[in-house]
Amino acid sequence: MPELPEVETVRAGLSKLIVGKTIARVEHDTPKSFPNASADVKAFLVGATIADVGRRAKVLIIDLGNAYSLIIHLKMTGQLVFQSKTVHFGAGHPSDSLVNPLPDTSTRVIVDFTDGSKLFFNDQRKFGWVRLLPTVEIPNLDFFKKVGPEPLSNEFTWHVMKQRLRRRKNTSIKAALLDQSVIAGIGNIYADESLWGAKIHPSTLVRDVSDAKIKELYKSLVAVLRLSIAKGGSSSHTYVDAEGKKGSYMSFANVFRREGQACPRCGTIIIKTRIAGRGTHVCPHCQKLRQA
DNA sequence: CACTTGACCTGTCCGC
DNA sequence: TGCGGACAGGTCAAGT
C-alpha cells in the first residue's frame, strides 16, 4: 500500500479538490471499513464543510471544521478517489482509460457532497479503515502516541535518525526502518530503495551499521522520499491518487521490483529475497552483509 | 523487555 | 483450463 509519498500525494490532491465542500450524505458497506459509523456518528458528518486535509505518517486526517475529523488508513490497497459531478464520457472517449467507473466491487465508503461531487474510499483487501473522531482525541490514539518523527520535517536531522535507530539493536536495519515507532511513513518500497542508495544490506543488524552509514542512509532516504513525492508516488495496480491517476516513481526505482535486472550502479543482477518477513530487493555486489 | 511471526482479506500470478 | 500455494507498498496481537 501506499507509503508516505503516496499518502502525501493523495493528501495534496484531496486538499485541492474537497476543502470547502459540504457533506450531504455518507454510505458504507462493511462495518470493518468504517467501524464507528453509527447513525449518531454520521450526524456529525452530514452538513459539515471540509476545513483541511492533513497527514501524519501514513494516516490521512480530514478536518470537518466542527471539532470532528475523519481519519483514514489506506493500508495495502486503499484508495481515495474524487469524482466531480460531470465525469461521464461516451464509449471510446480518449479519457476512458483514466477514469474507472465508480463505485465498483472494492468501494467501501461513498461521501456525497452537496454540489454533486463524490469521494470514494475503495479497498480491495478491507485492511484499511475510516473513523470519525473528535479532533482533540487524535493525538491520544495509541498509534499517534507511539509513531516516530516525520522524515521530511525540519526537525528530522541525521542525528535524530541515528538516535531513533539506535533504540533498536538486535534487529535488522530493514525491520527498524519499517517500524513506524522509529520513523514515520517508511514502507517496503522506500526501505529497499534507501538501503540500496546507502549501500547497506537490509539484513545488517542496526548495531553493526556505523554512524557514517546511518548518515548516508539519512541522505538516501530523504532524497528518495522527495523524488517520489515529486513524481506523484509509485503505482501498483491498486494505487491511484485523488483523481484516479497513477504515479510515476516506479520508473525511477533502482531495486524495488527489479529482480533479474541489472543494478543501475554496478550492473550486477538484482535479487529478491525475504527479510523481516517482507519481499526484499538487493544488489548483491553493492549491498554486502558485512561492511564497516 | 525486544523481537518475530501469524492473522486480517481479496485478487493475481505461477507451477503442476 | 483448473487448482493449490505463495505473494501483495501495513499493522496489530500473540508468541518465543
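Residue numbering restarts at 1 for every chain, and letters A, B, ... go by the order of the sequence lines.
Here the side chains of A:Ile110 and A:Pro103 are in contact, with some heavy-atom distance below 4.5 Å. Residues A:Phe256 and A:Met250 are in side-chain contact: their nearest non-hydrogen atoms beyond the backbone lie under 4.5 Å apart. Under the 4.5 Å side-chain criterion, counting only non-hydrogen atoms from C-beta, A:Phe127 is not in contact with A:His73. Residues A:Leu141 and A:Ile71 meet the side-chain proximity criterion, which asks for heavy atoms closer than 4.5 Å.
With 3.5 Å as the limit, one finds a donor-acceptor pair spanning the side chains of A:Thr49 and A:Thr22. The closest side-chain donor-acceptor pair between A:Thr9 and A:Tyr249, if any, does not fall under 3.5 angstrom.
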Go ahead and write out DNA chain C as dot-bracket, 5' to 3': ( ) for pairs within the strand, [ ] for ones crossing earlier pairs, | when the partner sits on another strand, dots for unpaired; Watson-Crick or G-U wobble, both distances under 3.5 Å. .|||||||.|||||||
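Under the 4.5 Å side-chain heavy-atom criterion for ILVMFWY residues, no single connected hydrophobic cluster contains both A:Val147 and A:Leu4.
Nucleic acid contact for A:Thr105: none, since no nucleic acid atom lies under 4.0 Å from a heavy atom of the residue. Contacts of A:Arg274 with the nucleic acid, taken as non-hydrogen atoms under 4.0 Å apart, involve only primed sugar atoms and P, OP1 or OP2.
The ring of A:Phe127 does not lie on top of the base of C:dT11; it is either too far (5.5 Å or more) or too tilted (30° or more).
For A:Leu177 and C:dG10, the CG to C1' distance is 15 Å, given to the nearest whole Å. B:dC9 atom P lies 12 Å from atom CG of A:Asp123, rounded to whole Å.
Taking atom P in both C:dT11 and B:dC1, the straight-line distance is 23 Å, to the nearest Å. Comparing the P positions of C:dA14 and B:dC9 gives a spacing of 15 Å, expressed to the nearest Å.
The side chain of A:Arg125 places no N or O atom within less than 4.0 Å of a non-bridging phosphate oxygen (OP1 or OP2) of B:dC8. Between A:Lys32 and B:dC8 there is no side-chain N or O to OP1 or OP2 distance below 4.0 Å. Contact annotation: A:His73 side-chain N/O to C:dT11 OP1/OP2 distance is under 4.0 Å. Close to C:dT11, at under 4.0 Å from its OP1 or OP2, lies a side-chain N or O of A:Gln180.
Residue A:Met76 places its side chain closer to C:dA8 than to any other of C:dA8, B:dG11, B:dC8. Side-chain proximity of A:Phe143 to the nucleotides C:dC12, C:dG10, C:dC7 is greatest for C:dC12.
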Heteroatom pairs (N/O) under 3.5 angstrom, protein to nucleotides 2-6 of chain B:
residue : atom : partner  : partner atom : Å
B:dC3   : OP1  : A:Lys169 : N            : 3.1
B:dC3   : OP1  : A:Asn170 : N            : 2.7
B:dC3   : OP2  : A:Arg168 : NH1          : 2.8
B:dT4   : OP2  : A:Thr171 : OG1          : 2.6

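Atom CG of A:Asp112 sits about 12.0 Å away from atom NZ of A:Lys85, to the nearest 0.5 Å.
Taking for each of A:Phe256 and A:Lys146 the nucleotide of DNA chain C with the nearest heavy atom, the 5'-most of the two is the partner of A:Phe256.
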